4 protein chains.
Amino acid sequence: MNKVILIGNVGADPEIRRTQDGRPIANLRIATSETWRDRNSGERREKTEWHTVVVFNEGLCKVVEQYVKKGAKLYIEGQLQTRKWQDQQGQDRYSTEVVLQGFGSTLTMLDGRGEGGGASGGRGSAAGGNDYGDDYGAPAPSSSPSRAGGGGGNFSRDLDDDIPF
Amino acid sequence: MNKVILIGNVGADPEIRRTQDGRPIANLRIATSETWRDRNSGERREKTEWHTVVVFNEGLCKVVEQYVKKGAKLYIEGQLQTRKWQDQQGQDRYSTEVVLQGFGSTLTMLDGRGEGGGASGGRGSAAGGNDYGDDYGAPAPSSSPSRAGGGGGNFSRDLDDDIPF
Amino acid sequence: MNKVILIGNVGADPEIRRTQDGRPIANLRIATSETWRDRNSGERREKTEWHTVVVFNEGLCKVVEQYVKKGAKLYIEGQLQTRKWQDQQGQDRYSTEVVLQGFGSTLTMLDGRGEGGGASGGRGSAAGGNDYGDDYGAPAPSSSPSRAGGGGGNFSRDLDDDIPF
Amino acid sequence: MNKVILIGNVGADPEIRRTQDGRPIANLRIATSETWRDRNSGERREKTEWHTVVVFNEGLCKVVEQYVKKGAKLYIEGQLQTRKWQDQQGQDRYSTEVVLQGFGSTLTMLDGRGEGGGASGGRGSAAGGNDYGDDYGAPAPSSSPSRAGGGGGNFSRDLDDDIPF
DNA sequence: TTTT
DNA sequence: TTTT
């Protein structure tokens with residue numbers, strides 16, 4: 001189990017790169033902040049933490065590319081990962097990032113901002129819900145998409161079943 | 001470990017009651033919805049799930065009372081709990097709720113809506129951050145509230161310490 | 001966002017059923033318990049909560065079928081779902097369950113118990129790690145399975161890449 | 001929202017230091033690993049990620065000090081935090097850690113190992129349950145510790161209440 | 001009964 | 001009905 005959950009705001013427009021074989025990679029900076037009232041002084045305090053988020057999942061990269069802008073509020077679920085690299089002096093350096101890649105990774109927009117003018121179909125606009133990348137196939141509805149259809153990886157459950165499980 | 005995390009919208013203005021000894025209890029109905037595109041038809045699908053949330057924590061009850069209205073988007077972290085009760089026929093019935101009570105419970109408003117007109121200082125308005133009930137004392141800032149002060153339950157960490165841990 | 005995380009013990013051997021079209025469904029009862037010391041009396045207290053877990057995901061059902069026995073300790077990640085049904089008097093009843101189905105659902109065994117004698121390949125024995133159902137394909141390793149291979153839904157990241165992202 | 005959840009094994013006996021004013025700080029190295037079967041070759045693969053965990057919470061430090069040894073399996077819940085420090089060349093360096101401090105932080109032992117011979121009362125032995133640091137007071141039981149007692153920060157809920165909430 |  |  002290695003899970004990171006962040007809700008925060010994007011500090012700058014995302015950078016999207018591509019690997020040599022064409023896969024997209026999105027880099028985001030996310031600020032999470034907490035506020036509290038000081039026990040003694042009663043003053044309001046705030047602390048902000050910045051996180052580097054790296055999106056490898058192609059479907060989620062599309063969401064980032066199309067909808068995520070500076071200031072957007074995001075829900076992020078990924079994994080902690082530390083990379084080793086060498087600086088210009090040849091010294092070992094380590095960077096820890098929140099990686100969104102494959103199973104268990106999610107990115108959801110929590111506000112309406114960032115959407116292009118005429119965006120229809122609204123992937124990325126999922127306010128209060130979850131929108132998944134294309135790679136995942138059907139998520140986990142309890143309603144019944146194509147019960148008869150069956151087929152690989154169909155996770156659906158039919159609520160109309162007359163026998164309560 | 002018994003944790004529920006919800007991000008969703010409030011279906012109706014919260015109900016606040018009080019126990020005989022005066023403690024507040026808030027009841028909320030929260031809708032979580034997910035959308036996906038059907039594999040076969042390509043149609044957009046949506047499924048909404050409704051949750052009953054019961055807030056026992058006093059600080060969080062205050063937040064609910066003052067700021068949470070129908071339609072508000074909330075982040076909720078609590079525990080699953082099943083109550084047994086008798087219906088009018090004297091039969092055992094069970095209700096499962098998401099309970100916010102004590103350690104590990106959180107409620108954060110994810111939009112600016114729901115705030116009363118002149119609310120200043122904005123507990124409950126924590127966009128992208130966390131606002132905690134009064135019972136918790138200082139949350140977990142890395143900055144340094146009153147290092148010298150010490151005192152019971154001070155969890156603060158001093159980033160200015162010259163020795164990296 | 002609708003997520004439940006449980007770590008607890010299985011109260012009885014799981015029941016596995018099959019739908020008419022042959023998909024397996026596993027039912028589990030999981031106990032989560034918390035202990036604390038009473039503030040006033042100093043006595044040790046304990047409270048146990050029981051949860052019904054329904055596994056629709058086929059790969060996870062296999063894990064359950066083969067390895068999960070009464071007493072096993074499990075890590076569970078799923079969604080809250082409430083079913084409506086009619087009792088024998090024709091009255092509406094509701095049951096809330098933790099559903100493991102599709103994206104974002106996980107089940108991991110946290111102890112070595114429950115494994116058959118000669119189990120090889122050890123799905124279900126994942127001590128401290130995660131073992132995923134077959135439906136998910138490769139999870140999210142940072143190591144490099146078949147970089148050149150590419151192919152649909154390959155989430156892998158190559159740590160050997162010479163350019164730090 | 002800034003949350004990290006880890007389930008993994010401790011790589012070495014923890015180091016405990018104290019600040020100048022006597023507060024304990026525990027440092028842990030935790031390995032999370034995931035295993036999967038390669039899509040193409042069918043071979044079993046494994047990837048391990050190492051995390052630095054810093055425990056500021058006093059109650060949790062006690063648990064670490066008394067019970068956590070190399071090899072122990074832990075459930076950890078904390079926050080991501082990045083510290084800035086200078087290396088010997090005076091260059092800025094950053095280290096990202098999982099910090100357990102105050103609200104929302106938890107550490108639970110998931111196996112029986114690590115307990116001293118005659119440990120009674122078993123804080124730290126909470127297999128399948130939660131054991132909280134002393135700072136938290138009573139956690140969130142639904143049962144009823146001292147309803148009449150009332151008192152600050154009492155989060156208890158009385159299941160014996162005759163009115164179902 | 002919410003929201004997009 | 002589990003576990004410590």
Side-chain angles (χ1 to χ4, degrees), chain A residues 67 73 108-115 119-131, chain B residues 1-2 6-15 27-36 44-53 68-76 82 109-111 113-114, chain C residues 1-2 6-15 27-36 44-53 68-76 82 109-111 113-114, chain D residues 63 67 108-115 119-131:
Chain A
Y67 301 109
K73 182 177 304 196
T108 305
M109 297 195 64
L110 293 173
D111 50 16
R113 268 179 288 172
E115 286 170 282
S120 69
R123 168 141 320 206
S125 63
N130 293 326
D131 249 341
Chain B
M1 178 72 189
N2 171 359
L6 304 176
I7 296 175
N9 296 290
V10 178
D13 284 349
E15 296 172 28
N27 271 267
L28 297 167
R29 291 284 287 170
I30 306 260
T32 55
S33 53
E34 41 187 328
T35 59
W36 71 99
R44 190 183 187 74
R45 301 269 194 168
E46 176 163 11
K47 177 176 178 293
T48 295
E49 189 73 32
W50 286 95
H51 311 271
T52 297
V53 174
V68 175
K69 305 290 178 215
K70 176 178 174 177
K73 182 178 302 196
L74 297 182
Y75 176 90
I76 292 276
T82 299
M109 297 195 64
L110 292 173
D111 50 16
R113 271 177 287 173
Chain C
M1 177 72 187
N2 170 1
L6 304 175
I7 296 175
N9 296 289
V10 178
D13 285 349
E15 297 172 28
N27 272 266
L28 298 167
R29 289 286 286 170
I30 307 261
T32 56
S33 53
E34 42 187 328
T35 59
W36 71 101
R44 190 185 186 72
R45 300 268 195 170
E46 176 163 10
K47 178 176 177 295
T48 295
E49 188 74 32
W50 286 95
H51 311 271
T52 297
V53 174
V68 175
K69 306 289 178 214
K70 175 178 176 177
K73 182 177 303 196
L74 296 183
Y75 176 89
I76 291 279
T82 300
M109 298 196 64
L110 292 173
D111 49 17
R113 270 178 288 175
Chain D
V63 174
Y67 301 109
T108 305
M109 297 196 63
L110 292 174
D111 50 17
R113 268 178 290 173
E115 286 169 284
S120 69
R123 167 145 322 212
S125 64
N130 294 324
D131 250 339

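Each chain gets a letter, A, B and so on, in the order the sequences are listed, and its residues count up from 1. Note: hydrogens, waters and symmetry copies are ignored here, and every other heavy atom, side chains too, is used. Quick caveat: nothing in here was measured; it's all calculated off a predicted structure.
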Note to self: From CG of A:Asp111 over to C1' of E:dT4, roughly how many Å is that when rounded to an integer?
What the structure shows: 12 Å
Checklist line | Nucleotide F:dT1, atom C1' - distance to CD1 of C:Ile30 in whole Å | finding: 11 Å
Notebook entry, point to check: Does a side-chain N-to-carboxylate-O contact under 4.0 Å join C:Glu49 and C:Lys47?
Noted result: yes
Item checked: Protein-nucleotide distance (C:Asp13, atom CG; F:dT3, atom C1'), rounded to Å -> 15 Å
Check: B:Trp50 on top of E:dT1's base, within under 5.5 Å and under 30°?
Finding: yes
Margin query: Determine whether a donor-acceptor pair (N or O, by modelled atom type, separation under 3.5 Å) exists between the side chain of B:Asp13 and the backbone of B:Lys69.
Written below: no
Checklist line | Donor-acceptor pair under 3.5 Å, B:Thr48 side chain vs E:dT2 base | finding: yes
Notebook entry, point to check: CD of C:Glu34 versus P of F:dT4: gap in Å, rounded?
Noted result: 18 Å
Check: C:Glu46 CD to F:dT1 C1': how many Å, rounded?
Finding: 14 Å
Notebook entry, point to check: Tell me: CD of B:Glu49 to P of E:dT4, nearest whole Å?
Noted result: 20 Å
Note to self: Measuring from the side chain of C:Ala31 (C-beta onward, heavy atoms only), which nucleotide among E:dT2, E:dT1, F:dT2 has the closest atom?
What the structure shows: F:dT2
Next item on the list: To the nearest Å, give me how far apart CG (A:Leu110) and P (E:dT3) are.
Entry: 16 Å
Margin query: Can you list everything that forms a side chain to side chain donor-acceptor pair (under 3.5 Å) with C:Thr52? Sequence neighbours excluded, please.
Written below: C:Arg29
Check: In whole angstroms, how far is the C1' atom of F:dT3 from the NZ atom of C:Lys73?
Finding: 7 Å
Note to self: I'd like to know if the side chain of C:Asn27 reaches the main chain of C:Glu15, judged simply by a donor and an acceptor atom lying under 3.5 Å from each other, with no hydrogens or angles considered.
What the structure shows: no
Item checked: Which nucleotide in E:dT2, F:dT3, F:dT2 has an atom nearest any side-chain atom of C:Lys70 -> F:dT2
